[in-house]
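Report on the structure given below.
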Amino acid sequence: MVSEPLAKSYEPKEFEQRWYSFWESRDFFKADAASEKPVFSIVIPPPNVTGSLHMGHALQHTLHDILVRWKRMNGFNTLWLPGTDHASIAVHYVLDKQLEEQKKSRFDLGRDEFMRIAWEWKKTSGGTILNQMRRMGVSCDWSRERFTMDEGLSRAVTEVFVRLYEEGLIYRGEYIVNWCPRCKTAISDLEVVYKASQGHLWHIKYPVIGSDECLTVATTRPETMLGDTAVAVHPDDERYTHLVGKKVLLPVMNREIPIIADGFVDREFGTGVVKVTPAHDANDYEAGLRHGLEKITVIDDAGFMTEAAGDYRGMDRYKCRKLLAERLEREGFLEKLEDYEHNVGQCDRCSSVVEPKSSIQWYLKVATLAKPAIEAVESGRICFVPDNFKKRYFEWMYNIHDWCISRQLWWGHRIPAWYCDACGKIVVARETPEKCPTCDAALRAETDILDTWFSSALWPFSTLGWPDDTGDLRAFYPTDTLITGPDIIFFWVARMIMMGLKFAGEIPFGQVHINGIVRDAHGKKMSKTKGNIIEPLQLIDEYGADAVRFTLSSMAVPGTDIPFSPDRMKGYSAFANKVWNAARFVLMNLREEDDAAQAAEVEELAGAGRGTMPLEDIWILHRTNRTAAEISEALDKFRFHEASALIYQFIWHELCDWHIELVKPVLTNPEAAREERTPRIKVLLHVFDCALRMLHPFMPFITEEIWQKLPHRGESLMTQPFPQFREAFDNPAAAGKMQDLMELIGDIRSLRAEMNIDPKRRMDACLIVRKEDDRSLVEQNMSRLLTLARLNSVDFCEVVAGGWLSGVSKLGSFGIDVRGAIDIGAERARLEKEIEKLKTEIDKVLKKISSHEFVARAPKEIVEENRARYEEMTGKYNKLEINLKRLVSAQSQL
RNA sequence: GGGCGUCUAGCUCAGUUGGCAGAGCACUGCGAUCACACCGCAGGGGUCACAGGUUCAAGUCCUGUGGCGCCCACCA
């Protein structure tokens, strides 16, 4: 059969979308819970519904898809489950901004109206990122798409919450939380990012009552002094022991507050005296509990001063700081003001400065859950790639703190708790209770929702139907591999392990592959302010998804960041073009009689017909076979960059540069006899088919487009088996001979190029072979040698004729007849340079092998290897010397 | 303050048990008859951050120094 030829130029836009629809419509991405095949399952790290595709996603989706497609081709029942995360705080942030434009806040709308808008918004723009993923070619099972606020997943959230509460692992209490005054919610420790910032240290004098002494405290947040209810010193600090128990007069507020002694004070820092503000500092809060101090909240939920702040009520916290500091100075309470660099906590989402604030929140005692999660990694049931990320995991897990899980937001899972205002009972239940179980009074529902990461923690099993015992859960849990970024090891990975072990009874995944962060070409983090953001969709428009995928995968060294360079991008786009054109060559040279059956016959051919098969065919079959094994090995270890380099190197520099060039004379010759041509095209078709299969996980679109034009059986390349290593194709001896031949061709080409011989000029050559075997090797492959080295003839001889250019290759010395037109000076310089280079190499090896210690202590193979190398190099050296001598004598005869 | 990582060609980076220093891009020379100029052939380019040590042998292992990056904690 003869297919439609491929378009003259590679235009990925012409076919990428078409093949995606084809695969999707044929259900090729769909997993089968009832299948007998071995299972490979992955759940996607669900992107935020608010999101649009960025380079980080592009990287992760590429790596996921490579693994999934590869496993699918290896006969696995493969599930890649897609979906999105409701991302409560992120959605709030986006909607808040929209409301701000209308000069409104969510509180103006009310909860119900806000939720209506949020759902509406999710419906219209929540699918954006999923469609962008499709453009990348991801082979997700869309029939199993999930959203964290789906009915089923919400049920899982409630179930988990209720069980944890019943076990006493979830509790409600008043503590200091990180409060974001812009988002107007508590956030967890993880959501606070500390930034070094240049601030001040105010030293403020608090007069001791009944004494003319003053205690000086140092603070970075003077406005909180309005809420001070004590000052503290260390119990053993002799400077102050006489004052403990006395009182100071709090400046401005003119409130008498006690001087207490507490071990939490660091004597070395500042004056050794600390102001204590239990409502606005975690340490002070604890001290307050120990000493029975009052909590006075002076900053409200929005970051404004409260009634309790006296003259400063209603004022923004920073304005208050400024005015208060001025007043302290004016009134003589400010001892000094220092510049001071310290870390300021900011809200992860909106970068507002976080305010530590006392409030009642829901907490999860994570330490209990952490134990088995630590054990799972320690025992190796879960491994990290690269391995050292588990250190980071352990460090966090060993020092884990209770997790504040409640948020004062609306978009998310509402905490399933109800309060009885009559008797104080708290009811936590799966279904809405009608009335208070103890006093029959009406109940008031909790308004707080859960931290988004609470539902994300359940993702690997909630998406498969838990808490029901579903076929999907049985078939696909635990999942195999998690691929994600280093930034969410604590947020997500650690919590999934804890929840998976606790509720699904098993680890959620076996391996955690941590990928790097995609940066700009110079290793700088991409950011809007720097203006160095690269949009993956733009790249796809320009270069096609395949080239983008290949670029990312070729740079994906486990655990290291990726400096994304447009140059590399162009390079891999050129690779796609190369593949395209190689395919065009194959297709152009097909004949009617070439059909799908032929490719399949190659295996017999390789086994039985090896004797008659041309060397380059044996070689390329050997190399194809080895490459397949090496790619599999690399992918097995998540070495995507290595796998990419292998297929790239194979296709470009072995298949295209050598094999196709070697078979070209036969295939392009219309006169070629059928019996000569047919075996060659069989091998080429087979090898090309293998190459497409090996490349498919990396570049799914172009490989499918090409494969469909080649003679084939089956519906789609993506459902074909990945090439496996076959003993029958392995032939290192023959491959070695081919390498020698290639080296000879290379050496002749080098010599010609160096001596500026017109590439078009065909010349006569001679060869002094090392041994008889080599002679027959060259004889049998004479036509290839003549073509690729651009020669007329090669004679076997004893010496290179005078006036010929001479060189040395592994197979022996050779000469090229330049008809006396040799530039003796240039040739002499060349030889001398080569000899010089070789000599330093020889000296190095000689030194090694003549060392007694080396011979005595190094392994035999290494010693032998070096001796052999020495032999080879000295052989070559001697030949070059002879050539040089002859040249010199020829020169002197002139 | 504690911990982790990194330093290799002009640039960006590979280099997995120690055993001949690599890739891509960039650069130089040559090459326009049909697979591909998004190409081919050939070539130049290295004190593997620095200083010690272990070893027959170190880019690779150990110790220290320095630059850069990240994580955790956070004392006002």
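Letters A, B, ... mirror the listed sequences (proteins, then strands); counts begin at 1.
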Would you please indicate if the ring centroids of [X] and [Y] are separated by under 6.0 Å?
X	Y	value
A:Tyr648	A:Tyr572	yes
A:Tyr340	A:His200	no
A:His513	A:Phe640	yes

What's [X] touching, base or sugar-phosphate or nothing? Going by heavy atoms closer than 4.0 Å.
X	result
A:Ser565	nothing
A:Trp652	sugar-phosphate
A:Tyr194	base

Of the candidate nucleotides [options], which contains the atom at the shortest distance from the side chain of [X]?
X	options	result
A:Ala753	B:rG40, B:rA76, B:rA42	B:rA42
A:Asp266	B:rA76, B:rC70, B:rA73	B:rA76
A:Lys844	B:rC36, B:rA21, B:rC72	B:rA21
A:Met588	B:rG19, B:rA35, B:rG15	B:rA35
A:Ala574	B:rG15, B:rA76, B:rC38	B:rC38
A:Ala858	B:rG19, B:rA35, B:rA14	B:rG19
A:Phe269	B:rC75, B:rC13, B:rC36	B:rC75
A:Phe490	B:rC71, B:rU16, B:rA76	B:rC71

Polar pair under 3.5 Å, donor/acceptor by atom type, side chain [X], base [N]:
X	N	value
A:Asn388	B:rC4	no
A:Lys391	B:rC4	no
A:Arg869	B:rC20	yes
A:Glu395	B:rA73	no
A:Lys664	B:rA35	yes

Look at the side-chain N and O atoms of [X] and state whether any lies under 4.0 Å from the OP1 or OP2 oxygen of [N].
X	N	result
A:His653	B:rG22	no
A:Arg584	B:rC39	no
A:Lys760	B:rC30	no
A:Lys848	B:rC20	no
A:Lys390	B:rC71	no
A:Asn866	B:rC20	no
A:Lys524	B:rU12	no
A:Trp580	B:rC39	no
A:Thr668	B:rA35	no
A:Ser750	B:rG43	yes

Inset, instruction - Determine the sole option in A:Phe650, A:Phe550, A:Tyr543, A:Tyr10 for which the ring-ring contact (aromatic ring centres under 6.0 Å, His included) test with A:Phe575 is passed. - result: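 Filter result, single survivor: A:Phe550.
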Say you pick atom [atom1] in [N] and the same atom in [M]; how far apart are they, in whole Å?
N	M	atom1	value
B:rA37	B:rC48	P	41 Å
B:rA49	B:rA9	P	9 Å
B:rA23	B:rG44	P	12 Å
B:rC39	B:rC13	P	24 Å
B:rG2	B:rC20	P	40 Å
B:rG5	B:rA76	P	29 Å
B:rC7	B:rC62	P	14 Å
B:rG10	B:rU28	P	16 Å

Whole-Å distance between [N] [atom2] and [X] [atom1]?
X	N	atom1	atom2	value
A:His342	B:rG1	NE2	C1'	17 Å
A:Tyr398	B:rC71	OH	P	23 Å
A:Trp396	B:rG3	CH2	C1'	17 Å
A:Ile862	B:rU17	CD1	P	13 Å
A:Arg752	B:rA42	CZ	P	12 Å
A:Asp487	B:rC70	CG	C1'	12 Å
A:Ile400	B:rC72	CD1	C1'	13 Å
A:Glu861	B:rC20	CD	C1'	16 Å

Legend entry - Donor-acceptor contact below 3.5 Å, side chain A:Asp546 vs main chain A:Ile702: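 Flag set: sc A:Asp546 to bb A:Ile702 pair under 3.5 Å.
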Inset, instruction - Establish, for the pair A:Arg784 and A:Trp658, whether the NZ or CZ atom is under 6.0 angstrom from the six-membered ring centre and no further than 45 degrees off its axis. - result: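 No - A:Arg784 does not lie over the ring of A:Trp658 by the 6.0 Å and 45° rule.
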Inset, instruction - May I ask you to establish whether A:Lys664 and A:Phe585 are in a cation-pi arrangement, using a distance under 6.0 Å from NZ or CZ to the six-membered ring centre and at most 45° from the ring axis? - result: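 Yes, A:Lys664 and A:Phe585 form such a contact.
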Inset, instruction - Compute whether any side-chain donor of one residue and acceptor of the other, for A:His401 and A:Asp189, lie under 3.5 angstrom apart. - result: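 Note: A:His401 and A:Asp189 side chains miss the donor-acceptor criterion.
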Inset, instruction - Could you pick out which residue, A:His401 or A:Gln649, lies toward the 5' side of RNA chain B when each is mapped onto its nearest nucleotide? - result: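 Between the two, 5'-proximity favours A:Gln649.
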Legend entry - Which residue lies more 5' along RNA chain B, comparing A:Arg392 with A:Lys637 via nearest heavy atoms: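 Result of the comparison: A:Lys637.
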Legend entry - Criterion side chain to side chain contact (heavy atoms under 4.5 Å, CB included) on A:Met225 and A:Tyr206, from CA distance to verdict: CA-CA 11 Å; A:Met225 72 172 285; A:Tyr206 287 17; 3.5 Å; yes
